[in-house]
Undergrad: 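Dropping a structure here in structure tokens format, bear with me for questions.
Here is the naming used below: chain letters follow the sequence lines, and residue numbers restart at 1 for every chain.
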There are 2 protein chains.
Amino acid sequence: MPKKILLTPESMRCSACMLSTLCLPIGIEQNEVFHLDEVVNERIRIPKGKALFHQGDVADAIYGIRSGSIKTQLVDSAGLVQITGFLLAGELVGLDGFLEESQLSTAIALEDTEVCVAPIDDMDRITAQVPALQYQLRRLTSNEIKRSQQLVMSLGVLRSEQRLAGFLLSISQRLAVLGYSPSEFVLRMSREEIGNYLGLTLETVSRLFSRFARENLLRVRQRDVQLLDMQALRDLAGTDCG
Amino acid sequence: MPKKILLTPESMRCSACMLSTLCLPIGIEQNEVFHLDEVVNERIRIPKGKALFHQGDVADAIYGIRSGSIKTQLVDSAGLVQITGFLLAGELVGLDGFLEESQLSTAIALEDTEVCVAPIDDMDRITAQVPALQYQLRRLTSNEIKRSQQLVMSLGVLRSEQRLAGFLLSISQRLAVLGYSPSEFVLRMSREEIGNYLGLTLETVSRLFSRFARENLLRVRQRDVQLLDMQALRDLAGTDCG
DNA sequence: CGGTACATTGAAAAACCTCAAGGATTGTGG
DNA sequence: CCACAATCCTTGAGGTTTTTCAATGTACCG
């Protein structure tokens with residue numbers, strides 16, 4: 001397990017965190033967020049490429065991404081890998097496992113990443129005092145199911161170009177929420193990872209990028225992407241499952 | 001909403017139901033199951049092709065299938081449909097919505113079907129008296145996530161023949177749990193529905209059935225299926241995501 | 001600076017889909 | 001009970017999408 005950082009009083013807490021409108025505290029009243037400060041008193045740094053947790057590990061906490069980004073993936077008995085999600089700052093990791101004893105997926109940092117730790121036992125304890133937190137956890141878990149089902153939909157019914165367009169729009173929209181440019185960003189994952197996530201090969205992804213660029217939908221140079229025609233991309237994606 | 005049947009004392013209750021080792025009561029001590037009798041006092045008959053609930057409906061109950069079978073499907077804004085699951089007797093429907101206010105999917109009966117109704121409010125109420133039920137609900141919700149993720153894996157990394165083999169083995173295994181023959185059964189869904197679920201066209205599914213039959217893996221006549229070589233099917237599926 | 005991982009592009013092959021026709025099954029009304 | 005319609009299933013031919021294999025180019029890291 002990567003190194004842990006105990007949070008000193010001076011360190012940022014949930015009640016003072018810039019991400020509090022997105023992360024775990026979302027939907028919890030201003031005057032109740034301080035309850036979370038008791039729960040979240042640890043932070044973990046994960047170097048690029050290292051795992052925050054592995055499939056099968058005891059799931060004893062939920063993690064909020066403070067900076068960086070993470071991919072979650074499943075490995076089946078035959079060794080096949082399927083990436084099930086890319087998570088950005090302000091998003092939560094470990095929700096799929098927290099209902100079970102053990103993690104359903106492996107979480108790997110796409111870049112040097114820092115996550116805040118919310119131990120499940122502690123959460124359960126303060127749930128009585130902060131009913132909104134209980135509700136919040138339900139909502140977040142439900143979102144996790146929704147996310148997974150949208151991916152099923154994308155893999156099941158969309159063609160490659162629609163999947164990639166939807167993927168780019170999803171990243172764009174989530175970066176916008178964080179205050180970054182929705183039209184110009186750096187992808188933190190490789191072509192192979194994008195392909196795996198979308199059920200395509202890395203070559204297909206690369207060709208689609210080139211084609212989109214040729215059609216002036218975007219500009220791309222390696223992992224730098226600039227979306228030029230969002231509306232055309234939306235039309236292409238044609239749907240809301242991205 | 002289809003007609004409701006109030007359960008009289010004479011009617012079957014959870015504590016007397018044959019399916020109690022599979023359905024909601026699973027994992028709950030014999031002497032606590034009677035708590036569920038207070039909660040589950042209604043049954044609904046759904047004629048073939050009719051919906052138990054629709055996407056977006058208020059999700060106020062979980063349903064246990066007493067007899068028959070159900071498909072769950074998503075419809076996106078563009079009208080595309082993706083079937084996300086086929087549920088058999090003893091399995092639960094509505095778990096993906098119960099954490100939210102509203103249903104994430106639509107549930108449609110594949111044949112005349114009867115479900116038992118477990119209202120969520122009532123469940124929440126007795127949760128304090130039956131801690132095992134709380135735990136049980138968590139486990140079942142987690143299973144729902146796992147199921148969805150396995151489908152993602154299947155759609156993302158497997159080829160058509162592997163998907164169909166896995167699908168057939170999944171049905172077979174679940175029928176076996178119910179005490180039916182694992183090698184001879186009647187599919188309750190059309191080729192089109194299987195195809196939609198597996199991200200294939202109905203023609204591809206039909207051709208695969210014919211090919212499997214030619215290779216003596218199974219015998220098939222319309223919806224009657226007889227698995228002849230389970231081990232070969234397992235080898236073909238090659239994995240455990242079915 | 002050189003090695004390694006990552007990305008692009010092309011050509012050929014494979015997988016899967018679409019369109020089309022015909023056969024089987026089921027249910028319904030006369 | 002039969003005939004007919006409607007639905008579902010099978011099979012073929014041909015086309016499209018996506019993959020595979022291979023070669024080359026580009027960026028990143030020690």
Side-chain angles (χ1 to χ4, degrees), chain A residues 47-50 71 80-83 108-112 154-168 186-215 218-226 236 238, chain B residues 47-50 71 80-83 108-112 154-168 186-215 218-226 236 238:
Chain A
K48 176 176 177 173
K50 295 295 178 201
K71 68 172 170 180
L80 294 174
V81 174
Q82 172 68 46
I83 295 175
I108 296 174
L110 293 172
E111 58 193 310
D112 289 354
S154 173
L155 292 170
V157 305
L158 301 186
R159 276 179 310 121
S160 61
E161 54 185 28
Q162 302 180 288
R163 291 185 219 170
L164 185 62
F167 169 75
L168 291 171
V186 177
L187 295 170
R188 309 258 76 131
M189 67 295 284
S190 69
R191 297 288 187 266
E192 181 166 21
E193 287 168 326
I194 297 172
N196 181 291
Y197 176 68
L198 298 175
L200 304 168
T201 58
L202 69 98
E203 293 96 332
T204 299
V205 174
S206 181
R207 273 186 255 271
L208 284 170
F209 269 117
S210 301
R211 203 182 96 202
F212 285 176
R214 216 177 310 127
E215 291 166 352
L218 51 75
R219 236 193 284 270
V220 59
R221 226 190 98 250
Q222 306 287 123
R223 298 189 181 189
D224 297 323
V225 176
Q226 184 184 359
L236 219 183
Chain B
K48 176 176 176 172
K50 295 294 179 203
K71 68 172 171 179
L80 294 174
V81 173
Q82 172 69 45
I83 295 175
I108 296 174
L110 293 172
E111 57 193 312
D112 289 355
S154 173
L155 292 171
V157 305
L158 300 186
R159 275 175 315 120
S160 61
E161 53 185 30
Q162 302 180 289
R163 291 184 220 171
L164 184 62
F167 169 76
L168 291 172
V186 178
L187 295 170
R188 312 268 57 142
M189 66 295 285
S190 69
R191 299 288 188 265
E192 181 167 21
E193 287 168 326
I194 296 173
N196 182 291
Y197 175 68
L198 298 176
L200 304 168
T201 59
L202 69 97
E203 292 96 331
T204 298
V205 173
S206 180
R207 273 186 255 269
L208 284 170
F209 269 117
S210 301
R211 202 182 96 202
F212 286 176
R214 217 176 310 127
E215 293 166 351
L218 51 76
R219 237 193 285 269
V220 60
R221 225 192 98 247
Q222 306 289 122
R223 297 189 181 188
D224 297 325
V225 177
Q226 185 184 357
L236 220 184

Undergrad: In whole angstrom, what separates A:Asp224's CG from C:dC6's C1'?
TA: 14 Å
Undergrad: Applying side-chain contact (heavy atoms from CB on, under 4.5 Å), can you list everything that pairs with B:Arg221, at least two apart in sequence or on another chain?
TA: B:Asp224
Undergrad: Testing the basics here: between B:Phe209 and B:Leu164, what is the closest heavy-atom pair and its distance to 0.1 Å?
TA: N-CD2, 4.2 Å
Undergrad: Bend angle of the helix from C:dC1-D:dG30 to C:dG30-D:dC1 from five-pair axes at both ends, rounded to 10°?
TA: 40°
Undergrad: Does anything in residues 188-196 of chain A reach DNA chain D, meaning a heavy atom under 4.0 Å, and if so which residues?
TA: none
Undergrad: To the nearest Å, how far apart are A:Arg219 CZ and C:dT8 P?
TA: 16 Å
Undergrad: When rounded to the nearest 0.5 angstrom, what distance separates CD1 in A:Ile194 from CG in A:Leu187?
TA: 5.0 Å
Undergrad: I need the minimum non-hydrogen distance between B:Asp112 and B:Lys48, along with the two atoms involved.
TA: OD1-N, 2.7 Å
Undergrad: Can you name the nearest heavy-atom pair linking A:Leu158 to A:Gln162, along with the distance?
TA: CA-OE1, 3.6 Å
Undergrad: Of all nucleotides in DNA chain D that come within under 4.0 Å of a heavy atom of chain A, which is furthest toward the 5' end and which toward the 3' end?
TA: D:dT17 to D:dA27
Undergrad: Could you pull out the closest heavy-atom pair between B:Asn196 and B:Val81, with the gap in Å?
TA: ND2-O, 3.0 Å
Undergrad: Could you tell me which residues satisfy side-chain contact (heavy atoms from CB on, under 4.5 Å) with B:Glu193, sequence neighbours excluded, listed by chain and number?
TA: B:Lys71, B:Ile83, B:Phe86, B:Leu110, B:Met189, B:Ser190
Undergrad: Can you list everything that forms a side chain to side chain donor-acceptor pair (under 3.5 Å) with B:Arg223? Sequence neighbours excluded, please.
TA: none
Undergrad: Report the residues that fulfil side-chain contact (heavy atoms from CB on, under 4.5 Å) with B:Thr201, sequence neighbours left out, ordered by chain and then residue number.
TA: B:Glu203, B:Thr204
Undergrad: Residues in salt bridge (charged side-chain N to carboxylate O under 4.0 Å, His left out) with A:Arg207, at least two apart?
TA: none
Undergrad: Once side-chain contact (heavy atoms from CB on, under 4.5 Å) is applied, do any residues pair with A:Gln222, and if so which ones, sequence neighbours excluded?
TA: none
Undergrad: Determine, for nucleotides 16-29 of chain C in 5'-to-3' order, which nucleotides have protein heavy atoms under 4.0 Å from the base (write B), from only the sugar-phosphate (write S), or from neither (write -).
TA: SSBB-----S----
Undergrad: How would you list, by chain and number, every residue that makes a salt bridge (charged side-chain N to carboxylate O under 4.0 Å, His left out) with B:Arg159, sequence neighbours excluded?
TA: B:Glu161
Undergrad: How long is the straight-line distance from CZ of A:Phe167 back to CG of A:Leu198, given to the nearest 0.5 Å?
TA: 6.0 Å
